[in-house]
Amino acid sequence: MNLRLSLITAALLPLFGASVTANADDTDLERIVVTGDFQRESIQTLSASASLFSEDEVNLRGATYLDEMLGSTANINFASGASRGRYIQIRGVGLRSQFVDPINPSVGLVIDGINYSGLGGSALLFDIDQVEIYRGPQGTRFGADGMAGMIQMQSAQATSDPSLKLQVGAGTYNSREAGLAASTGLTDDTSARVSYFRRKSDGYVDNLYLNKPTQGQDEQVARFKLNSQITANLRTELNLHYIDINNGYDTFALDNGRNSVADEPGEDNQLSYAIGLNNTYTGFDLFDVNLSLSAIDSELFYSFDEDWVCNDPSKPQLCAAGLHPDGYSSTDVYSRDRDDQGVDLQFKSKTGNWVAGLYYQNRDVDLERQYTWLASPFNSTYETNNVAVYGQLATPIGPKTTLITGLRVEQYQGDYTDNNGFIEDTDDIMVGGKIALEYQVIDRTMIYTSITRGYKAGGINSEALAKAKDEGLNLDAEFFKQHTSFDPEYLWSGEFGVKGSSLDDKFILRLAAFYMHRDNIQLKSWQVQDQKFTGYVDNASSGSNYGLELEGSYQLTDDLLITGSAGYLNTKINKFVTKAGLNQDGRDQAQSPKYQYALSARYNLTNELYAMVGVEGKDDYYFSDSHNAQAPNSNLVNVSLGYEADSWAVRAWARNVFDETVPTRGFEFGNNPLDGYADHTYTQLGEPRVAGVTFTLNL
């Protein structure tokens, strides 16, 4: 077996690369440590499919936000539906938008140990040391928010030695950015780090009616970290976050172009304050104790011009007559106040072979919707409480084989009220877990196989509640009465993986094959009537998702590093018919391109000067489960040229060099009165060709 696996590894490694970028003189990627499975370990020994972005790779792409990195990963997709691509899908599973109804995330987002799930706009990358993406159910580790997978971001650590980082940049579309981070020791046992970053851009949409850009971005993030060794056995870490996002949202047009004529363009704003306190006590003989406390206070504002056009007879070329028949001119505005609190009490053995814990989370979301077609604002409150117990055990069953067993039992309660007089509640007890076998074939090659179970809580369809009440006893009302709530979804996943590297770390490989069964699959659907939308979540019978993921790197010469990834994904919906009567049985699930790939080459022209070129692409895919409009396949080219000295670096970069048009969200419905509201596919476009220069100073 050792010889056979070594031959397979040797044959495959030269062909592919990884989503981890290293300098040509530092290719020991096996030392990269991840923490997503209860312990610090090499990504090469983790019994799960995972990708990792280092700070260097973020800088190479000129990225400031997570969606600008996701094209280089296997089987990861995203949808915009907002000013940023903040809705992420892993292996075809994940949300695509949020409007009226309360939602439960499918992909978890944790930043410095603070649970930001459902707040994707928080994923700003300045002063982030690394981003870890875990594919597949995180049923033991993360519970109800991580059915599809989990994203973990770690900001730079506070150091006792004084350090300073300065970053400034400028680019196309009048983008400019500046960031500053500094660390220092306060006492012999305490160190602190503070960082601040702000970016502004005009965005990619020009509003011809208002004669100004209306998709602008104004984003800032500040973080403070304090590490203290209070006693010989007690260590604490304090994290404070401030996030302020004020972005425009004006992306849809009747001609699917980048020029808008909306007279009331929208906004996509987030103001968040977060605190996390992590305490570790190591004074017991048999185990360590960790207590993590966190809280987030967020104000979210989201609005858009629903008709997308202007109503001004003085400008007939832009505001054509007939675009507003019967008073059709509307806006939709959502204001949310969200409060999160979390407590995680964890016990971990000194040897690292077992962990057990208790978890509590409270999430309270207050919504006010102001919609043109409502007689008065709509208000709702949705409060959820989860309580979980979990544990994981690693048992050696041979000199090279380890059995890992994990279990999580979680009670998820939701209480919903609104000003229509509805009071609803959900109460689900869900069970997830993991069974895995790890076999260390040789020192630098391991194989694993696992069965994991994840889950996603049920919830309330608040729009369906209102529809059932407002429409009387007609057929629509009877339908929506049957869809006022939906049940939990469960996901079973079987996975087999191979990870290996050569003795000199010039060849590195991670290969995973998986099959997932989705039971009671939750799908978003819509009813469209007179250009008014009613959304609801329904449970289909089941779904299946299976595929392959391959990542690795190859140090071809001392100066040339090849990196890349490839993913194959096949998905299916079973027994689902939409409200409009569209039978989706056997169709691919939304946001699930059959293939994705990325390949890049970095060449060191001198010890300081480098050039990099990369190509990435994905197959076509369906935008939604409720209609059959599709995004086309895409193939994008990215380049970077930089000079890296000991303490400073300057980089020129460009993404989507050939200015390909890439939709990131799409709907199929009628919104143009001039053609009788005939159905069309309307799309939101992703970033065009963007380029810039970034200067970084590290002292």
Side-chain angles (χ1 to χ4, degrees), residues 64-65 67-68 79-87 97-99 120-121 124 170-177 198-220 244-271 299-320 323-324 328-336 369-372 531 655-656 659 661-667 671-672 680 682-692:
T64 59
Y65 184 77
D67 67 348
E68 296 166 348
S80 295
S83 62
R84 286 286 200 176
R86 52 187 169 95
Y87 301 101
S97 62
Q98 181 179 17
F99 295 98
L124 295 160
T172 52
Y173 298 93
N174 196 28
S175 65
R176 57 272 191 205
E177 64 184 49
R198 186 170 188 179
R199 179 183 183 273
K200 300 186 74 172
S201 171
D202 288 347
Y204 317 129
V205 173
D206 288 322
N207 189 299
L208 303 182
Y209 174 70
L210 298 176
N211 195 29
K212 65 178 183 179
T214 48
Q215 186 72 3
Q217 298 168 344
D218 184 356
E219 302 163 327
Q220 52 187 320
D244 188 7
I245 297 172
N246 293 277
N247 292 349
Y249 182 55
D250 186 23
T251 59
F252 285 93
L254 294 177
D255 64 357
N256 282 328
R258 293 193 186 275
N259 292 324
S260 168
V261 293
D263 51 11
E264 298 179 273
E267 299 176 51
D268 182 22
N269 303 336
Q270 175 182 337
L271 178 63
E299 296 178 7
L300 308 169
F301 184 87
Y302 175 72
S303 66
F304 55 91
D305 188 325
E306 189 176 49
D307 56 273
W308 308 339
V309 293
C310 51
N311 187 13
D312 188 345
S314 68
K315 297 184 178 181
Q317 290 184 326
L318 297 178
C319 313
L323 283 176
H324 292 85
Y328 176 52
S329 177
S330 63
T331 58
D332 210 355
V333 179
Y334 302 85
S335 300
R336 283 183 170 86
R369 182 193 190 192
Q370 299 184 43
Y371 186 36
T372 298
Q531 286 64 61
R655 299 191 299 270
N656 190 6
D659 201 20
T661 300
V662 183
T664 56
R665 188 75 170 107
F667 297 92
N671 204 39
N672 188 349
H680 296 286
Y682 295 110
T683 58
Q684 176 177 348
L685 302 181
E687 66 176 13
R689 176 174 53 238
V690 291

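Using modelled atom types and a 3.5 Å distance limit, the side chains of Asp250 and Ser260 yield a donor-acceptor pair. For the residue pair Tyr334/Asp332, the side-chain donor-acceptor check at 3.5 Å is satisfied. For the residue pair Gln98/Tyr87, the side-chain donor-acceptor check at 3.5 Å is not satisfied. Looking only at atom types and distance, the side chain of Glu267 has no donor-acceptor partner in the side chain of Asn246 under 3.5 Å away. Judged purely by distance below 3.5 Å, without hydrogens or angles, the side chains of Thr664 and Ser80 pair a donor atom with an acceptor atom. Using a 3.5 Å distance cut-off with no hydrogens or angles, the side chains of Tyr682 and Asn671 do not pair a donor with an acceptor. Thr251 and Arg665 share no side-chain donor-acceptor pair at under 3.5 Å.
In this structure the side chain of Thr372 never reaches within 4.5 angstrom of the side chain of Glu306, judged on heavy atoms. Residues Phe301 and Val333 form a side-chain contact, since some pair of their non-hydrogen atoms from C-beta on lies under 4.5 Å apart. The shortest distance between side-chain heavy atoms of Arg258 and Gln215 does not fall below 4.5 Å.
Residues Glu687 and Asn656 come closest through the heavy atom pair O-ND2, 3.2 Å. The nearest pair of heavy atoms linking Pro688 to Asp659 is CB-OD1, 3.3 Å. Between Leu124 and Glu219, the shortest heavy-atom distance links the atoms CD2-OE1, 4.0 Å. Heavy atoms only, all atoms of each residue included: Gln217 and Asn247 are closest at CA-OD1, 3.1 Å. The two residues Gly121 and Ile245 make their nearest non-hydrogen contact at O-CD1, 3.0 Å.
Listed for the Arg176 side chain is a donor-acceptor partner under 3.5 Å among the backbone atoms of Asn174. Side-chain atoms of Asn207 come within 3.5 Å of backbone N or O of Ala262 as a donor-acceptor pair. For the pair Thr172 (side chain) and Ala691 (backbone), a donor-acceptor distance under 3.5 Å is present. Formation of a donor-acceptor pair under 3.5 Å by the Ser201 side chain with backbone atoms of Gly203 is found in this model.
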- [ ] Please test Glu68 against Arg84 for side chain to side chain contact (heavy atoms under 4.5 Å, CB included), starting from the C-alpha separation and ending with a verdict.
- [x] CA-CA 10 Å; Glu68 296 166 348; Arg84 286 286 200 176; 3.0 Å; yes
- [ ] Check step by step if ring pair (Phe, Tyr, Trp, His ring centres under 6.0 Å) holds for Phe252 and Phe304.
- [x] CA-CA 9 Å; Phe252 285 93; Phe304 55 91; 8.5 Å; no
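A search for side chain to side chain contact (heavy atoms under 4.5 Å, CB included) contacts involving Leu271 returns Tyr242, Asp244, Tyr273, Glu299, not counting sequence neighbours. In terms of the salt bridge (Lys or Arg N to Asp or Glu O under 4.0 Å) criterion, residue partners of Arg86 (sequence neighbours excluded) are, by chain and number, Asp268.
Among residue pairs with one or both ends in residues 199-213, none qualify as salt bridge (charged side-chain N to carboxylate O under 4.0 Å, His left out); sequence neighbours excluded.
Atom OG of residue Ser329 and atom CD of residue Glu264 lie 5.5 Å apart, to the nearest 0.5 angstrom. Residue Gln317 holds its CD atom at 11.0 Å from CG of Leu208, rounded to the nearest 0.5 Å. In this structure, the separation between OG on Ser303 and OH on Tyr371 is 13.5 Å, given to the nearest 0.5 Å.
Considering Leu318, Val309, Asp307, Asn311 as possible partners of Leu323, the one that fulfils the side-chain contact (heavy atoms from CB on, under 4.5 Å) test is Val309. Checking each of Asp263, Asp312, Thr214, Asn259 against Tyr209 for a side chain to side chain donor-acceptor pair (under 3.5 Å) leaves exactly one that passes, namely Asp312.
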